Q: 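Structure in structure tokens, see below.
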Amino acid sequence: MAIDGPAGAGKSTLAKRVAARLGFTYIDTGAMYRAAALWALQENVSWDDSYRMEQLSIAAEIELAPGRIRLNGHDVTEAIRSPEVSSGASKVAVIPGVRRAMVAKQRAMGERTSVVMEGRDIGTVVFPNADVKIFLDADPDERVRRRFRESREKGEQISEGSVAAQMKERDQRDSTRSDAPLAQAPDAAYLDSTALSLDETEEAILKIVRSRVTNGKDFS
Ligand code: DC
């Protein structure tokens with residue numbers, strides 16, 4: 001099952017909840033691009049050095065344990081959420097070699113077990129044959145408000161204006177890059193969560209799942 005959409009639409013929270021409800025494995029593909037960006041930062045590799053970024057993405061051992069993310073054996077769960085890494089992840093994600101490496105890892109994960117995978121290109125590129133595809137969206141101002149609230153809860157000192165500027169820049173880059181830009185797959189269900197609570201959005205997603213899955217058919 002694929003959930004795509006822009007930053008702050010609620011993909012992570014909802015994909016996690018829906019995976020728990022269905023007994024599927026939740027996979028956060030954004031965390032993988034973030035891990036590659038973090039490693040580059042640690043190794044002083046420039047985010048636009050395509051060759052070294054591709055090598056590093058191939059070599060990266062990324063483990064998505066429930067609730068924790070490990071890079072080459074080290075827990076990087078919190079480190080990959082900094083504003084610097086958020087921006088870096090969006091920059092390294094434009095490099096075709098980086099995307100190839102990540103897509104190969106993602107497909108391998110999806111082949112092992114039933115997954116709810118969230119990102120930007122899951123329904124279009126990674127699993128174009130996924131049985132259920134959802135494009136989760138929300139009004140840009142609402143997405144900024146949600147991210148700002150999250151940052152404040154984590155105790156980060158960042159203004160709402162900075163959150164808005166960073167999100168706008170990232171959305172722009174993610175949706176205009178030439179390789180696998182953020183896009184709704186033609187067969188994806190569009191869901192706007194602007195006016196919905198988390199519970200309501202979860203119910204709406206499960207309704208789509210029920211409507212798309214026929215009796216006795218496995219889906220991923
Ligand atoms: O979902 P996120 O904000 O954690 O993702 C971080 C960045 O990674 C995002 O700005 C774009 C990139 N990304 C991508 O290009 N393809 C994906 N499937 C997931 C994320």
Side-chain angles (χ1 to χ4, degrees), residues 1-16 19 26-41 47-48 50 53-54 56-57 60 62 64 67-69 71 76-110 115-128 130 133-138 140 143-144 146-151 154 156 158 163-185 188 193:
M1 164 166 182
I3 302 184
D4 291 300
K11 297 187 301 296
S12 300
T13 311
L14 271 312
K16 227 177 277 172
Y26 160 63
I27 295 180
D28 171 2
T29 61
M32 301 171 71
Y33 291 92
R34 286 169 180 270
L38 176 68
W39 198 14
L41 196 64
W47 284 325
D48 52 19
S50 306
M53 277 311 312
E54 177 174 5
L56 191 147
S57 302
I62 302 169
L64 301 174
R68 308 304 301 172
I69 291 134
L71 168 66
V76 295
T77 313
E78 279 80 32
I80 60 167
R81 298 291 158 194
S82 72
E84 196 180 12
V85 174
S86 301
S87 160
S90 168
K91 289 178 184 152
V92 303
V94 306
I95 301 172
V98 169
R99 304 204 66 83
R100 266 195 304 277
M102 294 304 170
V103 169
K105 291 182 205 294
Q106 290 153 11
R107 287 189 178 143
M109 290 173 186
V115 297
V116 177
M117 195 174 276
E118 57 112 336
R120 305 290 189 287
D121 60 341
I122 312 307
T124 49
V125 174
V126 183
F127 288 116
K133 297 182 187 179
I134 291 167
F135 192 87
L136 187 61
D137 204 357
R143 293 193 286 111
V144 168
R146 290 177 187 172
R147 268 297 142 86
F148 178 58
R149 216 180 303 134
E150 268 171 29
S151 314
K154 280 194 278 178
E156 285 165 8
I158 186 163
V163 172
Q166 286 169 13
M167 194 180 271
K168 195 169 171 205
E169 189 196 322
R170 213 146 69 82
D171 279 350
Q172 169 77 8
R173 200 185 294 111
D174 295 343
S175 47
T176 56
R177 65 179 175 231
S178 54
D179 190 10
L182 167 67
Q184 181 181 348
S193 72

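The analysis underlying the following values was restricted to heavy atoms, covering all of them including side chains, and did not include hydrogens, waters or symmetry mates. When a ligand or atom number is given, it counts from 1 through the structure's own listing order. In this chain, numbering begins with 1 at the start of the sequence shown. Predicted model only: the values in this text are computed from it and were never measured.
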Q: Return the residue, atom name and 0.1 Å-rounded distance of the protein heavy atom closest to atom 8 (O) of ligand 1.
A: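 I find the closest protein heavy atom is Y33 CB, 3.6 Å.
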Q: Got the closest protein heavy atom to atom 19 (C) of ligand 1, with its distance?
A: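 The answer is T29 OG1, 3.3 Å.
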Q: To the nearest 0.5 Å, what is the distance between CG (L182) and CZ (R173)?
A: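 Answer rounded to 0.5 Å: 13.5 Å.
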Q: Could you list which atoms of ligand 1 come closer than 4.0 Å to a heavy atom of D121?
A: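 Selected atoms, number and element: 16 (N), 17 (C), 18 (N).
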Q: First locate atom OG1 of T29, then atom CG of L64, and finally report the distance between them rounded to the nearest 0.5 Å.
A: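 Those atoms lie 9.0 Å apart.
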Q: Please work out, at 4.0 Å between heavy atoms, whether the side chain, the backbone, both, or neither of R177 comes within that distance of ligand 1.
A: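 The answer is the side chain of R177.
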Q: Compare all side-chain heavy atoms of M102 with those of I62 and state whether any distance is below 4.5 angstrom.
A: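 They are in side-chain contact.
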Q: Distance to 0.1 Å, residue and atom name: give those for the protein heavy atom nearest to atom 16 (N) of ligand 1.
A: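 Going by distance alone, atom 16 (N) of ligand 1 is nearest to R99 NH2, 3.1 Å.
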Q: Specify the protein heavy atom at minimum distance from atom 3 (O) of ligand 1: its residue, its atom name, and the distance to 0.1 Å.
A: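 Looking only at protein heavy atoms, the one closest to atom 3 (O) of ligand 1 is R170 NH1, 3.0 Å.
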Q: Which atoms from ligand 1 have a heavy atom of A89 less than 4.0 Å away?
A: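 Taking each heavy atom of A89 in turn, ligand 1 has 6 (C), 7 (C) under 4.0 Å.
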Q: Out of M102, R173, R120, Q106, who gets a non-hydrogen atom closest to atom 17 (C) of ligand 1?
A: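 Result: the heavy atom closest to atom 17 (C) of ligand 1 is in R120.
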Q: Only one of D174, D28, D4, D171 clears salt bridge (charged side-chain N to carboxylate O under 4.0 Å, His left out) with R120; which?
A: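 In the set D174, D28, D4, D171, the residue that makes a salt bridge (charged side-chain N to carboxylate O under 4.0 Å, His left out) with R120 is D174.
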Q: Are any of the side-chain nitrogens in E150 or R146 under 4.0 Å away from the carboxylate oxygens of its partner?
A: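 Salt bridge: no.
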Q: Output yes when a side-chain donor or acceptor of S193 lies under 3.5 Å from a complementary backbone atom of D137, and no otherwise.
A: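 Here the side-chain-to-backbone pair exists.
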Q: Taking all heavy atoms of P6 and all of R143, pick out the closest pair and write down the distance.
A: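 Heavy-atom minimum between the residues: CB-NH1, 3.5 Å.
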Q: Among protein heavy atoms, which lies nearest atom 20 (C) of ligand 1, and at what distance?
A: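 Checked against all protein heavy atoms, atom 20 (C) of ligand 1 sits closest to G30 CA, 3.5 Å.
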Q: Is E78 salt-bridged to R68, cutoff N-O under 4.0 Å?
A: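 Result for this pair is yes, salt bridge flagged.
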Q: Considering only non-hydrogen protein atoms, determine which one is nearest to atom 4 (O) of ligand 1 and report residue, atom name and distance to 0.1 Å.
A: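 Protein heavy atom with the smallest distance to atom 4 (O) of ligand 1: R34 NE, 2.6 Å.
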Q: So, regarding E118 and ligand 1 (criterion: nitrogen or oxygen to nitrogen or oxygen, under 3.5 Å), is there a contact or not?
A: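 No; the residue has no nitrogen or oxygen that sits under 3.5 Å from a nitrogen or oxygen of the ligand.
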Q: Distance under 4.0 Å to a non-hydrogen atom of A93: what atoms of ligand 1 satisfy this?
A: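 What qualifies from ligand 1 is 12 (C), 15 (O).
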